[in-house]
Amino acid sequence: MQPTFTGVPGLSATPDVAVVIDVMRAFTVAAGAFRQGAERIVFAETAEDALELKARHPGWLAFQDGEPKPGFDLANSPAHLRSLDLAGRTVVQKTTAGTVGALAVADARLLLCASFAVAGATARLLRRERPAAVTFVVTGDGGEAEEDLACAQYIAARATSDTADPAPYVTRARNSGGAARLADGVRRGWAGVHPEDVGLCLEVDTCGFAMVARQEEGRLVLRAV
């Protein structure tokens, strides 16, 4: 398996196999939603699109990043997520980086979304599929987020050897600009950030499933597998 690490701006064509990474916080939140029983996550292109989907489907929930916005049920926070009952629910998710990255490679034959929470399961799925090449899409900071690159490189290492040590990769993520911004948001009292968010984003293999995105009725839909 030949790995390539790139941001959305570096994509020249749709890859055959893509792993889209957003550690802080979209795909840590997505993994947490599935762990709490969510049935599926529908990616929205815009905030307006997300709210329209929610309005057309009573019972669906809408998540967004940044400060809480009217009409949305949750900011993009893995810690705040724990207060919601998601059993059997459909979630609509719109974020600045993660969902944008997934939509950019929506036509990939195999499209995985990942964070440290599902790193091991994602690596195991790649080992089963045995693709010749995998494109890891780093979504944060215009494709240069250190926490996303560290997670991508850890998954690539785990796909080769299940004994790869996560510690160096987690340390890089802990010292990243993304982690620093979340910590600054806590200090500033931003409503969309919880003091436990960074720690939760750095927990490895808390979920035993991978997350696969496929087109369903014209929408990119994420499911736990």
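From a predicted model like this one, the values you see are computed outputs, not experimental measurements. Computed from heavy atoms alone, side chains included, the values below leave out hydrogens, waters and symmetry copies.
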ask   = If you round to the nearest 0.5 Å, how far is CG of Leu53 from CZ of Arg219?
value = 4.0 Å
task = Give a yes or no on whether Phe34 and Leu74 share a hydrophobic cluster (residues Ile, Leu, Val, Met, Phe, Trp, Tyr; joining criterion: side-chain heavy atoms under 4.5 Å apart).
result = yes
Heavy-atom check, side chain of Arg35 versus side chain of Thr206, under 4.5 Å = yes
message = Quick check on the hydrophobic clustering: are Val198 and Val29 connected, directly or via other members, by side-chain heavy-atom contacts under 4.5 Å?
response = no
task = Drop me the distance from Met211's CE to Arg223's CZ, to the nearest 0.5 angstrom.
result = 14.0 Å
key: Selection residues 85-131 - residue pairs positive for ring pair (Phe, Tyr, Trp, His ring centres under 6.0 Å), sequence neighbours left out   = none
query = Applying side-chain hydrogen bond (donor to acceptor under 3.5 Å, both in side chains), which residue pairs with at least one partner in residues 67-76 are found, sequence neighbours left out?
reply = Lys54-Asp73
query = Salt bridge or not for Arg187 and Asp184, using N-O below 4.0 Å?
reply = yes
Can I get a per-line list of side-chain donor-acceptor pairs under 3.5 Å for residues 119-139, giving both atom names and the distance, sequence neighbours left out?
unit_1, atom_1, unit_2, atom_2, d
Thr122, OG1, Val118, O, 2.7
Arg127, NH1, Arg158, O, 2.6
Thr139, OG1, Ile21, O, 2.7

query = Quick check: does any side chain N or O of Arg214 sit under 3.5 Å from a backbone N or O of Val221, one acting as donor and the other as acceptor?
reply = no
ask   = Looking at residues at least two apart in the chain, or sitting in another chain, which of them share a salt bridge (charged side-chain N to carboxylate O under 4.0 Å, His left out) with Asp197?
value = Arg25
note = Note: Ala157 and Ala164 closest approach over all heavy atoms is CB-CB, 3.9 Å
query = Applying side-chain hydrogen bond (donor to acceptor under 3.5 Å, both in side chains), which residue pairs with at least one partner in residues 10-20 are found, sequence neighbours left out?
reply = Asp16-Arg109
inquiry  = Under a 3.5 Å cutoff, is there a donor and acceptor pairing between the side chains of Thr163 and Ser161?
reply    = yes
query = Can you name the ring-ring contact (aromatic ring centres under 6.0 Å, His included) partners of Tyr154, sequence neighbours left out?
reply = Tyr169
ask   = salt bridge (charged side-chain N to carboxylate O under 4.0 Å, His left out) with Arg82: which residues, sequence neighbours excluded?
value = Glu196
note = Heavy-atom nearest pair, Pro168 first then Asp165, reads CD-O, 3.3 Å
ask   = With a 4.5 Å limit on heavy-atom distance, are the side chains of Pro78 and Cys201 in contact?
value = yes
inquiry  = Would you compute the distance between atom CD of Glu45 and atom NZ of Lys94 and round it to the nearest 0.5 angstrom?
reply    = 9.5 Å
ask   = For Ser83, which residues count as a side chain to side chain donor-acceptor pair (under 3.5 Å) partner, sequence neighbours excluded?
value = none
query = How long is the gap from CD1 on Ile155 to OG on Ser115, to the nearest 0.5 Å?
reply = 7.5 Å
message = Are more than 12 heavy atoms, taken from residues, nucleotides or ligands other than Glu144, located less than 6.0 Å from that residue's CD atom?
response = no
inquiry  = Whether the side chain of Thr171 engages the backbone of Ala167 through a donor-acceptor N/O pair (distance < 3.5 Å, no angle test) should be reported.
reply    = yes
request  = Quick one: which residue pairs count as a ring pair (Phe, Tyr, Trp, His ring centres under 6.0 Å) with a foot in residues 180-225, not counting sequence neighbours?
outcome  = His80-His194
query = Transitively linked via ILVMFWY side-chain contacts under 4.5 Å: Ile41 with Leu112?
reply = no
message = Quick check: is Val186 connected to Met24 through a chain of hydrophobic side chains (ILVMFWY, heavy atoms under 4.5 Å apart)?
response = yes
request  = Would you name the heavy atoms of Thr6 and Leu11 that are closest together and state the gap between them?
outcome  = CG2-CD2, 3.9 Å
Check: Glu146 and Asn175 side chains under 4.5 Å, non-hydrogen atoms = no
ask   = What is the distance from atom OG1 of Thr96 to atom CG of Asp65, rounded to the nearest 0.5 Å?
value = 3.5 Å
inquiry  = Whether the side chain of Gln93 engages the backbone of Ala26 through a donor-acceptor N/O pair (distance < 3.5 Å, no angle test) should be reported.
reply    = yes
query = In terms of hydrophobic clusters joined by side-chain contacts under 4.5 Å, are Phe27 and Phe5 together?
reply = no
task = Report yes if some heavy atom in the side chain of Leu220 is under 4.5 Å from a heavy atom in the side chain of Leu111; otherwise report no.
result = yes
task = Could you pull out the closest heavy-atom pair between Val105 and Ala18, with the gap in Å?
result = CG2-CB, 4.0 Å
query = If every non-hydrogen atom of Ala114 is compared with every non-hydrogen atom of Val19, which pair is closest and at what distance?
reply = CB-CG1, 4.0 Å
request  = Go through the structure and list residues passing salt bridge (charged side-chain N to carboxylate O under 4.0 Å, His left out) with Arg174, not counting sequence neighbours.
outcome  = none
key: Heavy-atom pair with the smallest gap, counting every atom of Gly66 and Ala75   = O-CB, 3.7 Å
ask   = Is there a side-chain contact between Leu202 and Glu147 (heavy atoms, below 4.5 Å)?
value = no
note = For Arg40, the salt bridge (charged side-chain N to carboxylate O under 4.0 Å, His left out) test, sequence neighbours excluded, returns Glu216
request  = Indicate yes or no: at least one non-hydrogen side-chain atom of Leu222 is less than 4.5 angstrom from one of Val91.
outcome  = no
query = Hey, are the side chains of Arg172 and Gln153 touching, using non-hydrogen atoms and a 4.5 Å cut-off?
reply = yes
ask   = Other hydrophobic cluster members with Phe72, side-chain heavy atoms of Ile/Leu/Val/Met/Phe/Trp/Tyr under 4.5 Å, chained?
value = Leu51
inquiry  = Apply side-chain contact (heavy atoms from CB on, under 4.5 Å) to residues Asp107 and Gln215 and explain how you reach the verdict.
reply    = CA-CA 8 Å; Asp107 292 330; Gln215 296 282 357; 4.1 Å; yes
ask   = CZ/Phe43 to SG/Cys113 distance, rounded to the nearest 0.5 angstrom?
value = 4.0 Å
